[in-house]
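Take a look at the structure below.
These numbers come from the heavy atoms of this one structure, side chains and all, not from hydrogens, waters or symmetry mates. Both ligands and their constituent atoms are indexed starting at 1 by order of listing. Keep in mind it's a predicted model, so treat the numbers as computed, not measured.
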Amino acid sequence: MRTCTIEKNKARCNCTYPCSKKGICCECLAYHRSMGELPACYFPPEAEKTYNRSIEYYLKVTGRA
Ligand code: SF4
């Protein structure tokens with residue numbers, strides 16, 4: 001049985017928001033997906049700091065819109 005690698009996940013997580021889901025990627029993704037959003041790791045550093053996790057913002061900052 002695999003165990004969750006929370007500490008490893010935290011080490012590579014770029015999210016700057018103080019959040020209890022940090023490192024628990026399954027919960028993080030499920031939360032943002034339920035909101036119609038993407039998690040912090042999709043965003044470049046400056047965009048991540050705005051805490052705007054919308055798909056529209058992702059498309060804008062990555063030049064895909
Ligand atoms: S991306 Fe969202 S859910 Fe994930 S750790 Fe950051 S604030 Fe929490």
[X]: numbered ligand 1 atoms lying under 4.0 Å from its heavy atoms:
X: K22; result: 5 (S)
X: H32; result: 1 (S), 2 (Fe), 3 (S)
X: A40; result: 1 (S)
X: Y17; result: 7 (S)

Cluster link Y17 to F43, ILVMFWY, side chain under 4.5 Å: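 Unlinked, Y17 and F43 end up in two clusters.
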Single-linkage hydrophobic cluster, 4.5 Å side-chain cutoff, L38 and V61 together: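 Per the 4.5 Å side-chain linkage, L38 and V61 are co-clustered.
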Y42 OH: over 12 foreign heavy atoms closer than 6.0 Å: no
Atom OH of Y51 with >12 non-hydrogen neighbours under 6.0 angstrom: yes
Flag for Y58-R64: side-chain donor and acceptor within less than 3.5 Å: yes
No-hydrogen, no-angle side-chain donor-acceptor test under 3.5 Å, N52 and S54: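 There is such a pair between these side chains.
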E27 contact mode with ligand 1 (heavy-atom cut-off under 4.0 Å): neither
Ligand 1 contact on C15 by region, counting heavy-atom pairs under 4.0 Å: side chain
Short N/O/S contact of C25 with atom 4 (Fe) of ligand 1 (below 2.8 Å):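 Given the 2.8 Å cut-off, C25 does not count as a ligand of atom 4 (Fe) of ligand 1.
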Closest protein heavy atom (residue, atom, distance) for atom 8 (Fe) of ligand 1: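 Ranking protein heavy atoms by distance from atom 8 (Fe) of ligand 1, first comes C19 SG, 2.3 Å.
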Minimum-distance protein heavy atom relative to atom 4 (Fe) of ligand 1: C28 SG, 2.3 Å
Whether E48 side chain and T16 backbone form a donor-acceptor pair below 3.5 Å: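 At least one qualifying donor-acceptor pair exists.
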